[in-house]
J.: 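Got a structure here, written out as structure tokens. Questions coming.
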Amino acid sequence: MKPRALITTAAGRTGSVAALELVRRGHPVRGLVRRNDERAQALRNAGVDVVVGDLFDWRDLSRALDGVQLAYHCPPFDAQHLHGAAMFALAAEQAGVEVVALMSGWNPHQLHPSVFQREHWLANNLYRRQAFDVIHINPGMFGWTYFLGLPAIVHFGLLALPLGDGRNAPPSNEDVGRVAAAALADPAAYVGRCLRPTGPTLISPSEAAESMSRALGRTIRYRAVSEKSFVKAARAMRFPTFEIAQVRHYASELRNGAFEGVSDHVEEVTGNAPDSFDTIANRYLNSPTSIARDMHAGSKFAALRLALRIATARAIDLDNWEQTRDYPLISNGLLAHENPDWNEAASRGQLALLPTDHHGASLPAH
């Protein structure tokens, strides 16, 4: 019998794909989900052993990890990221898990102004010092993030993002999930590796708009907007302030080339070419829940009301907002492209990690 795998946030964008792919490959799969909803039932229907629980509750983690040898840990975008990552690492070690595929990101390092990215960096290093082997899954800016302004795209033909002319090779949720699953199914070749799933080509936001135009059969135009306009729009769309405060840094990094680069990791690991952005646009515009669980274009009237909310939304000073939280903030942080250590590691296709003599010490460039 093939080893049992656990997928955390198994109802999520990449977790659900990884769970179904491992079932297809003949693995017994357990999925940890937060809510017992229709997504959990769809996983059950596909043969996944669903556990409803809390990633921050040791009892739920222990129950989910019982009898598990492989795990894909895909933590939520959360202000308690490091707490959850440490809990999962300790619970996985106690349960005797052998290999963990850890979702992180392309831009974490120890001096990042984003507390979320610094905690990703801490988790990346923490996991390399556990008894289990680690496979790092580190995509850059996902394809779905280009569609967060869906009402304006569909009803006004406008893609408005704070990305300047920055280029990226955005991966699909499906490719990232399949990479995680395939790496876990045959881990020996990938332990200690930094796998960075990307799309097949670098595209600009204007080229992303062209893909959307082809998918919708009408012209979509890209407009580069300011960070202030982006924050107002995100607040009007009721995105959590914590997420907005972190994502603004990624937008600056994309504008400055931090996400440039194309890897062959999707094809290497899965045996299939990565989804093009045309494929992503067709899929996500036809199925908006691939973008976000409650995402929909709505009516044109609703889109006009949203545009009015954006125009009248109050701008917020995110630096001041973070100061009012108990976040471990630092002064004079460096974005990824401003950090020589990050740039040197990225040029080799690696993570910016502390050296260690534990297993996974070497992250070979690929």
J.: So that I can tick it off, tell me whether R283 and D278 are bridged by a salt bridge, with the cut-off set at under 4.0 angstrom between side-chain N and carboxylate O.
T.: no

J.: So, R221 and E210, do they make that salt bridge, N to O below 4.0 Å?
T.: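 Between E210 and R221 there is no salt bridge, as every charged N stays at least 4.0 Å from the carboxylate O atoms.
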
J.: Output yes when R248 and E243 qualify as a salt bridge under the 4.0 Å nitrogen-oxygen rule, no when they do not.
T.: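 Answer for the salt bridge query: no.
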
J.: Would you confirm whether S226, through its side chain, and S229, through its main-chain N or O, come within 3.5 Å as a donor-acceptor pair?
T.: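 Yes: the side chain of S226 pairs with the backbone of S229.
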
J.: Mind checking who shares a hydrophobic cluster with V17, ILVMFWY linked at side-chain heavy-atom distances under 4.5 Å?
T.: none

J.: Is there a path of hydrophobic side-chain contacts, each under 4.5 Å between heavy atoms, that joins L158 and Y146?
T.: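 Shared cluster, no.
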
J.: Return yes if some donor-acceptor pair links the side-chain N/O of Y284 with the main-chain N/O of S172 below 3.5 Å, else return no.
T.: no

J.: So does R223 have more than 12 non-hydrogen atoms from other groups sitting under 6.0 Å from CZ?
T.: no

J.: Hey, does R118 have a side-chain heavy atom less than 4.5 Å from the side chain of I330?
T.: yes

J.: I'd like to know whether Q41 forms a side-chain hydrogen bond (donor to acceptor under 3.5 Å, both in side chains) with N45, so could you lay out the CA-CA distance, the side-chain angles of the two residues, the decisive distance to 0.1 Å, and finally the verdict.
T.: CA-CA 6 Å; Q41 189 56 49; N45 294 344; 2.9 Å; yes

J.: Spell out, as yes or no, whether a donor-acceptor pair under 3.5 Å connects the side chain of E322 to the backbone of D319.
T.: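 Answer holds: no.
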
J.: Is there a side-chain contact between R13 and S290, using heavy atoms and a 4.5 Å cut-off?
T.: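 Counting from C-beta outward, R13 and S290 never come under 4.5 Å.
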
J.: Please check if the side chain of K232 supplies one atom and the backbone of R314 the other of a donor-acceptor pair under 3.5 Å.
T.: no

J.: Quick one: does any side-chain atom of R167 pair with a main-chain N or O of E260 as donor and acceptor, under 3.5 Å?
T.: no

J.: Check whether any side-chain heavy atom of L102 sits under 4.5 Å from a side-chain heavy atom of I135, and report yes or no.
T.: no

J.: Test ring-ring contact (aromatic ring centres under 6.0 Å, His included) on F259 and Y250; report intermediate values, then the result.
T.: CA-CA 9 Å; F259 291 105; Y250 314 160; 7.2 Å; no

J.: Starting at CG of N332, measure out to CG of L111 and round the result to the nearest 0.5 Å.
T.: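 If I round to the nearest 0.5 Å, the distance is 10.5 Å.
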
J.: Under a 4.5 Å cut-off applied to non-hydrogen side-chain atoms, are R4 and R30 in contact?
T.: yes

J.: Has the side chain of R63 got a donor or acceptor atom that lies under 3.5 Å from a matching backbone atom of V52?
T.: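 Present.
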
J.: Measure up the F142 and W144 rings against each other and bin them: parallel (under 30°), tilted (30 to 60°), perpendicular (over 60°).
T.: tilted

J.: In sequence, state the C-alpha distance, the side-chain angles, and the governing distance for L163 and Y222, and then conclude on side-chain contact (heavy atoms from CB on, under 4.5 Å).
T.: CA-CA 10 Å; L163 303 181; Y222 169 62; 3.9 Å; yes

J.: Say you draw a straight line from OG1 of T198 to CG of N168; how long is it, rounded to the nearest 0.5 Å?
T.: 8.5 Å

J.: Taking the six-membered ring for Trp, are F242 and Y327 ring centroids under 6.0 Å apart?
T.: yes

J.: In sequence, state the C-alpha distance, the side-chain angles, and the governing distance for V231 and L318, and then conclude on side-chain contact (heavy atoms from CB on, under 4.5 Å).
T.: CA-CA 9 Å; V231 170; L318 291 170; 3.7 Å; yes

J.: Starting from the C-alpha separation in whole Å, work towards a yes-or-no answer on side-chain contact (heavy atoms from CB on, under 4.5 Å) for K300 and R305.
T.: CA-CA 9 Å; K300 189 163 188 177; R305 284 192 303 174; over 6 Å; no

J.: With side chains defined as the heavy atoms from C-beta onward, is the minimum distance between L150 and V154 less than 4.5 Å?
T.: yes

J.: To the nearest 0.5 Å, what is the distance between CG on L335 and CD on Q117?
T.: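 Going from CG on L335 over to CD on Q117, the span is 10.5 Å.
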
J.: Decide salt bridge (Lys or Arg N to Asp or Glu O under 4.0 Å) for R293 and E38; before the verdict, give the C-alpha distance in whole Å, the side-chain angles of both, and the deciding distance to 0.1 Å.
T.: CA-CA 11 Å; R293 182 188 178 201; E38 71 283 354; 3.8 Å; yes

J.: Please test R235 against T241 for side-chain contact (heavy atoms from CB on, under 4.5 Å), starting from the C-alpha separation and ending with a verdict.
T.: CA-CA 7 Å; R235 284 175 57 79; T241 305; 3.8 Å; yes

J.: Out of E253, Q246, E119, which residue meets the side chain to side chain donor-acceptor pair (under 3.5 Å) rule with S114?
T.: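 With S114 as partner, side chain to side chain donor-acceptor pair (under 3.5 Å) holds for just one option, Q246.
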
J.: Looking at F277 versus F147, is the centre-to-centre ring distance below 6.0 Å?
T.: yes

J.: With the threshold set at 4.0 Å, does a side-chain nitrogen-carboxylate oxygen contact exist between R24 and E21?
T.: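 Counted as a salt bridge, because a side-chain N and a carboxylate O are separated by less than 4.0 Å.
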
J.: When you check the gap from the basic side-chain N to the acidic O, do R59 and D57 get nearer than 4.0 Å?
T.: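 Yes, charged N to carboxylate O under 4.0 Å.
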
J.: Which residue pairs pass the salt bridge (charged side-chain N to carboxylate O under 4.0 Å, His left out) test when at least one of the two sits in residues 176-188, sequence neighbours left out?
T.: D175-R178, R178-D275

J.: Quick one: CG on N107 to CZ on F116, what's the gap to the nearest 0.5 Å?
T.: 10.0 Å

J.: Measure the shortest side-chain to side-chain distance between I291 and L285 over non-hydrogen atoms and say whether it is less than 4.5 angstrom.
T.: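 The answer is no; the side chains never approach within 4.5 Å.
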
J.: Is the backbone of A85 close enough, under 3.5 Å, to the side chain of Y127 for a donor and an acceptor to pair up by distance?
T.: yes

J.: Would T14 and N173 satisfy side-chain hydrogen bond (donor to acceptor under 3.5 Å, both in side chains), going step by step from the backbone distance to the final call?
T.: CA-CA 5 Å; T14 69; N173 304 331; over 6 Å; no

J.: Which atoms form the tightest heavy-atom contact between S204 and E207, and what is the distance?
T.: N-OE1, 2.8 Å

J.: Would you kindly confirm whether I310 and F230 end up in one hydrophobic cluster when ILVMFWY residues are joined by side chain heavy atoms under 4.5 Å apart?
T.: yes

J.: Spell out, as yes or no, whether a donor-acceptor pair under 3.5 Å connects the side chain of T8 to the backbone of L32.
T.: no

J.: Mark yes or no for whether S252, through its side chain, and H249, through its backbone, hold a donor-acceptor pair below 3.5 Å.
T.: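 Not at all, since once roles are kept as given, no pair shorter than 3.5 Å links the two residues.
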
J.: How close do P162 and R255 get, counting heavy atoms only, and between which atoms?
T.: O-NH1, 2.6 Å

J.: Got a donor-acceptor contact below 3.5 angstrom from the R128 side chain to the D133 backbone?
T.: no

J.: For the residue pair G199 and V262, what are the closest heavy atoms and their distance?
T.: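 In this case the closest contact between G199 and V262 is O-CG1, 3.5 Å.
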
J.: How close do R39 and A11 get, counting heavy atoms only, and between which atoms?
T.: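 So the minimum-distance heavy-atom pair works out to NH1-O, 3.6 Å.
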
J.: So which atom in V266 and which in P197 form the shortest heavy-atom distance, rounded to 0.1 Å?
T.: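 For V266 and P197, the tightest heavy-atom pair comes out as CG2-CB, 3.8 Å.
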
J.: Mind running side-chain hydrogen bond (donor to acceptor under 3.5 Å, both in side chains) on R44 and N36 for me, showing each step along the way?
T.: CA-CA 11 Å; R44 289 191 189 96; N36 191 17; 2.9 Å; yes

J.: I want to check something: taking the side chain as every heavy atom from C-beta on, are V179 and T270 in contact at a cut-off of under 4.5 Å?
T.: yes

J.: Could you give the distance from CD1 (I7) to CG (L184), rounded to the nearest 0.5 Å?
T.: 6.5 Å

J.: Taking atom CG of L61 and atom CG of D66, what is their separation to the nearest 0.5 Å?
T.: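 L61 atom CG to D66 atom CG measures 12.5 Å (nearest 0.5 Å).
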
J.: Quick check: is M87 connected to F132 through a chain of hydrophobic side chains (ILVMFWY, heavy atoms under 4.5 Å apart)?
T.: yes

J.: For residues D341 and Q110, report the shortest heavy-atom separation together with the two atoms involved.
T.: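 Where D341 meets Q110 most closely, the heavy atoms are OD2-NE2, 4.2 Å.
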
J.: Would you say L161 ends up clustered with L216 if hydrophobic residues are merged whenever their side chains have heavy atoms under 4.5 Å apart, either directly or through other cluster members?
T.: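 Yes, L216 and L161 fall within the same hydrophobic cluster.
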
J.: Does one hydrophobic cluster hold both M237 and W321, with members joined at side-chain heavy-atom distances below 4.5 Å?
T.: yes

